[in-house]
Engineer: 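I'd like to ask some things about the structure below.
Residue numbers start from 1 in every chain, and the chains themselves are labelled A, B, ... in the order their sequence lines are given, proteins ahead of strands. Scope of the values below: all heavy atoms of this structure, side chains included, with no hydrogens, waters or symmetry mates.
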Amino acid sequence: MPAAKKVTVKLKTVRPSGKRDESFFELVYEVVRQIPKGRVTSYGAVAACLGTKLSARMVGWAMSSSGKMRPKVPAHRVVNRNGVLTGKHHFSPPGSMEKMLKKEGIKVRNDTIVDFEKLFWDPVKEFGI
DNA sequence: CGCCTGACGAAAC
DNA sequence: GGTTTCGCCAGGC
């Protein structure tokens, strides 16, 4: 069974706002937008929320388009499993990512989230998948 | 229409 | 335990 299809179905169930998922990106944005202020999550966690087998790559990759999104997608709250700001270089300027994080009370040291485990917000847990 | 790339992750060595 | 490789899926060229 194609995982991608499953994911679509799942998200639809979670967000039956009558809004159909144009792309898998939309799903990612939705989840990322739910990240509370002062919290962070990982690409893998989001991927897991979408169905688990969806290769976290697509999640982060989808974020590259997030900058074009009208509503601010807190992409800066999404980091890799290491807690490292892998995509900070994609921001403009690159340092803005950690700057925003610090502004929210998140400590960033050496491009890495301090106490990442504590600040980690698991969408799967919140969504109850 | 086919190959390459990509902000990850986990398994293998 | 650190480093390297493969796998995933979708979009861009």
Side-chain angles (χ1 to χ4, degrees):
Chain A
M1 294 261 258
K5 217 152 212 179
K6 199 170 186 183
V7 171
T8 307
V9 176
K10 238 169 197 171
L11 237 291
K12 225 184 260 185
T13 308
V14 177
R15 289 291 296 196
S17 298
K19 185 164 132 191
R20 277 186 207 152
D21 46 279
E22 297 291 322
S23 310
F24 155 103
F25 300 4
E26 290 274 334
L27 309 179
V28 179
Y29 303 146
E30 278 291 319
V31 177
V32 174
R33 242 183 276 172
Q34 310 311 312
I35 303 175
K37 183 183 174 187
R39 292 280 199 168
V40 290
T41 190
S42 64
Y43 301 98
V46 178
C49 178
L50 298 177
T52 321
K53 292 301 188 211
L54 267 185
S55 55
R57 270 186 164 188
M58 307 289 75
V59 177
W61 184 52
M63 297 250 113
S64 67
S65 294
S66 72
K68 306 161 45 180
M69 287 320 211
R70 293 49 138 280
K72 51 180 176 185
V73 180
H76 61 277
R77 290 181 194 156
V78 186
V79 294
N80 69 352
R81 235 228 159 272
N82 266 326
V84 182
L85 283 61
T86 44
K88 70 158 191 180
H89 202 61
H90 275 264
F91 276 74
S92 60
S96 73
M97 185 173 183
E98 49 186 285
K99 190 175 181 180
M100 286 191 288
L101 288 171
K102 285 181 182 177
K103 199 172 181 179
E104 295 184 359
I106 300 174
K107 298 170 197 163
V108 181
R109 165 108 159 158
N110 229 356
D111 297 341
T112 310
I113 305 274
V114 181
D115 295 326
F116 176 63
E117 301 177 39
K118 290 200 216 170
L119 299 171
F120 187 80
W121 179 79
D122 193 345
V124 180
K125 188 181 174 186
E126 296 296 318
F127 279 87
I129 308 265

Engineer: For A/M58 and B/dC8, what is the distance between atoms CE and P respectively, to the nearest whole Å?
Structural biologist: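 It works out to 10 Å between those atoms.
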Engineer: Using side chain to side chain contact (heavy atoms under 4.5 Å, CB included) as the criterion, list what pairs up with A/K72, not counting sequence neighbours.
Structural biologist: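 Counting only residues at least two positions away or on another chain, A/K72 forms no side chain to side chain contact (heavy atoms under 4.5 Å, CB included).
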Engineer: Extract all donor-acceptor atom pairs below 3.5 Å that involve side chains of residues 35-45 of chain A and protein atoms in other chains or at least two apart in sequence.
Structural biologist:
unit_1: A/R39; atom_1: NH1; unit_2: A/K118; atom_2: O; d: 3.0
unit_1: A/T41; atom_1: OG1; unit_2: A/W121; atom_2: O; d: 2.9
unit_1: A/S42; atom_1: OG; unit_2: A/A45; atom_2: N; d: 3.2
unit_1: A/Y43; atom_1: OH; unit_2: A/V78; atom_2: O; d: 3.4

Engineer: With sequence neighbours excluded, what pairs up with A/P94 under the side chain to side chain contact (heavy atoms under 4.5 Å, CB included) test?
Structural biologist: A/H89
Engineer: Could you list the residues that satisfy side-chain hydrogen bond (donor to acceptor under 3.5 Å, both in side chains) with A/D111, not counting sequence neighbours?
Structural biologist: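 With neighbours one apart ignored, the set is A/K88.
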Engineer: What is the distance, to the nearest angstrom, from the CZ atom on A/F25 to the P atom on B/dG6?
Structural biologist: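 In whole Å, B/dG6 P lies 15 Å from A/F25 CZ.
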Engineer: Send over the distance from A/E26 CD to C/dG11 P, rounded to a whole Å.
Structural biologist: 12 Å
Engineer: Who are the side chain to side chain contact (heavy atoms under 4.5 Å, CB included) partners of A/R57, not counting sequence neighbours?
Structural biologist: none
Engineer: Does anything in residues 91-106 of chain A form a side-chain hydrogen bond (donor to acceptor under 3.5 Å, both in side chains)? List the pairs, not counting sequence neighbours.
Structural biologist: A/H76-A/E104, A/R77-A/E104
Engineer: Are A/T86 and B/dC8 close enough that a side-chain N or O sits under 4.0 Å from OP1 or OP2?
Structural biologist: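 So the side-chain polar atoms of A/T86 do come within 4.0 Å of the phosphate oxygens OP1 or OP2 of B/dC8, strictly under.
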Engineer: Using a heavy-atom cut-off of 4.0 Å across all strands, would you classify A/A75 as base, sugar-phosphate, or nothing?
Structural biologist: base
Engineer: Going by heavy atoms closer than 4.0 Å, what residues in residues 88-110 of chain A are next to DNA chain B?
Structural biologist: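 Within this stretch, A/H90, A/F91 sit under 4.0 Å of the strand.
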Engineer: If you look at every heavy atom in A/N80 and A/F116, which pair is closest and at what distance?
Structural biologist: O-CZ, 3.9 Å
Engineer: Can you sort out the partners of A/F91 under ring pair (Phe, Tyr, Trp, His ring centres under 6.0 Å), two or more places apart, ordered by chain and number?
Structural biologist: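 A/F91: no ring pair (Phe, Tyr, Trp, His ring centres under 6.0 Å) contacts found.
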Engineer: Do any N or O atoms of the protein come closer than 3.5 Å to N or O atoms of nucleotides 9-12 of chain B, and which pairs are they?
Structural biologist:
unit_1: B/dG9; atom_1: OP1; unit_2: A/G44; atom_2: N; d: 3.3
unit_1: B/dG9; atom_1: OP1; unit_2: A/R81; atom_2: N; d: 3.2
unit_1: B/dG9; atom_1: OP2; unit_2: A/R81; atom_2: N; d: 2.7

